[in-house]
*Asks:* 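Have a look at this one.
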Amino acid sequence: MDTEATGNGTLHPARCPDCGWPEDQAYRVVSRHTVSAGQLLYTRCPCGRLSTRLLRIPGAVHG
């Protein structure tokens with residue numbers, strides 16, 4: 001999960017720069033692909049923005 005620091009030093013989930021939807025809450029999963037480091041996930045938020053994230057698997061190749 002990606003986080004952003006606030007002015008007072010606390011962390012909160014990163015949000016879509018277009019609509020503010022929390023990036024850790026996938027609105028719609030478009031596709032998943034297994035890669036050497038884990039799983040590559042393509043998601044779309046309510047405003048239509050496409051995002052990617054890598055779900056790392058412990059012990060997988062990280063480069």
Side-chain angles (χ1 to χ4, degrees):
M1 172 176 63
D2 292 332
T3 57
E4 296 175 339
T6 61
N8 62 6
T10 60
L11 296 176
H12 60 85
R15 296 188 172 270
C16 172
D18 292 337
C19 70
W21 185 267
E23 289 185 355
D24 65 340
Q25 297 177 18
Y27 178 72
R28 177 178 295 150
V29 175
V30 177
S31 64
R32 298 173 188 262
H33 304 275
T34 302
V35 295
S36 61
Q39 193 172 71
L40 185 59
L41 189 68
Y42 289 85
T43 61
R44 203 171 287 284
C45 77
C47 72
R49 184 181 185 94
L50 184 65
S51 298
T52 60
R53 73 180 75 157
L54 178 61
L55 303 175
R56 294 185 183 267
I57 297 175
V61 176
H62 300 283

*Asks:* What's the spacing between Gln39 CD and Ser31 OG if we round to 0.5 Å?
*Replies:* 9.5 Å
*Asks:* Are Ser51 and Cys45 packed together at the side-chain level, in the sense that at least one heavy-atom pair is separated by less than 4.5 angstrom?
*Replies:* no
*Asks:* How far does SG of Cys19 sit from OH of Tyr27, to the nearest 0.5 angstrom?
*Replies:* 10.0 Å
*Asks:* So, does Arg53 use its side chain to make a donor-acceptor pair with the main chain of Glu23 at under 3.5 Å?
*Replies:* yes
*Asks:* Can Leu40 be reached from Val30 by stepping across I, L, V, M, F, W or Y side chains whose heavy atoms are under 4.5 Å apart?
*Replies:* yes
*Asks:* Would Leu55 end up clustered with Tyr42 when hydrophobic side chains under 4.5 Å apart are linked, directly or stepwise?
*Replies:* no
*Asks:* I would like to know whether Thr52 and Leu41 meet side-chain contact (heavy atoms from CB on, under 4.5 Å); could you show each step before the answer?
*Replies:* CA-CA 6 Å; Thr52 60; Leu41 189 68; over 6 Å; no
*Asks:* So which heavy atom on Ala37 is nearest to which on Leu54, and how close?
*Replies:* CB-CD2, 4.0 Å
*Asks:* Out of curiosity, Arg28 CZ to Thr43 OG1, how far, rounded to the nearest 0.5 Å?
*Replies:* 11.0 Å
